[in-house]
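A short write-up of the structure that comes next.
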Amino acid sequence: MDGQTVGIIIGVVVLVVVVVVLLALSRKRGERAAEAQRAKARQIREKAEADRVEVQRREAQAARVDAEARLAQAEADQRAADAAELQAEARRRAEHAEGARAKLDDQLGRADRIDPDVPTDGRRTDTAGGAHRADADVVVDERRTDTTR
């Protein structure tokens with residue numbers, strides 16, 4: 001073997017060693033980059049988990065407020081239904097009272113027509129200080145405003 005062959009062999013060996021070292025360094029750098037990416041992914045997952053808990057808390061709060069709103073609406077609807085029922089009852093009672101008032105006025109008018117003590121102008125003085133016409137269609141209530149009595 002001559003010197004030139006030995007030099008070529010040493011050069012090839014050095015070149016192979018340099019390539020192996022570069023490959024090792026490249027692989028190590030790739031592993032560090034992969035580990036850094038894994039760490040970053042882990043941090044993102046941890047943050048996402050913390051955010052998930054917060055989102056679940058907010059969803060639960062929204063569901064609670066929605067349930068309260070539905071309950072309040074149901075109560076309002078029930079109160080509206082109760083109010084409508086009370087208004088209908090008030091109308092029925094007012095109609096009944098009007099009928100009773102008309103019947104009472106008719107009775108008083110009939111009594112005035114047959115009572116010989118009622119003046120001939122069709123007016124009589126009742127015990128409440130008012131006057132009633134004998135005419136059953138018209139009732140006049142003249143209350144005293146005199147406070148000296």
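The side chain to side chain donor-acceptor pair (under 3.5 Å) analysis of residues 20-33, with sequence neighbours excluded, yields no pairs. For residues 74-83, every residue pair satisfying the side chain to side chain donor-acceptor pair (under 3.5 Å) rule, not counting sequence neighbours, is listed here: Gln73-Asp77, Gln78-Asp82.
Shown here are the salt bridge (charged side-chain N to carboxylate O under 4.0 Å, His left out) partners of Arg70, two or more places apart in sequence or in another chain: Asp66. Arg92 meets the salt bridge (charged side-chain N to carboxylate O under 4.0 Å, His left out) test with Glu89; sequence neighbours excluded. Residues satisfying the side chain to side chain donor-acceptor pair (under 3.5 Å) criterion with Arg45, sequence neighbours excluded, are absent altogether. Remark: Gln61 engages no residue in a side chain to side chain donor-acceptor pair (under 3.5 Å) (not counting sequence neighbours). Applying the side chain to side chain contact (heavy atoms under 4.5 Å, CB included) criterion to Glu59, with sequence neighbours excluded, gives Val55, Gln56. Scanning for side chain to side chain contact (heavy atoms under 4.5 Å, CB included) contacts around Glu35 gives Arg38, Arg42, with sequence neighbours left out. Applying the side chain to side chain contact (heavy atoms under 4.5 Å, CB included) rule to Ile10 yields the partners Val6, Val14; only residues at least two apart in sequence or on another chain are considered. Considering only residues two or more places apart in sequence or on other chains, Arg57 meets the side chain to side chain donor-acceptor pair (under 3.5 Å) condition with Glu54. In terms of the side chain to side chain donor-acceptor pair (under 3.5 Å) criterion, residue partners of Glu49 (sequence neighbours excluded) are, by chain and number, Arg52.
Using a 4.5 Å heavy-atom cutoff, the side chains of Glu68 and Arg64 are in contact.
One distance of note links CD1 of Ile44 with CG of Asp51; it measures 11.5 Å at 0.5 Å rounding.
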Working for side-chain contact (heavy atoms from CB on, under 4.5 Å), residues Thr5 and Asp2
CA-CA 6 Å; Thr5 308; Asp2 71 0; 2.6 Å; yes
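By the 4.0 Å N-to-carboxylate-O rule, Glu95 lies too far from Arg91 to be salt-bridged with it.
Grouping Ile, Leu, Val, Met, Phe, Trp and Tyr residues whose side-chain heavy atoms lie under 4.5 Å apart, directly or via other members, places Ile8 in a hydrophobic cluster with Val12, Val16, Val20.
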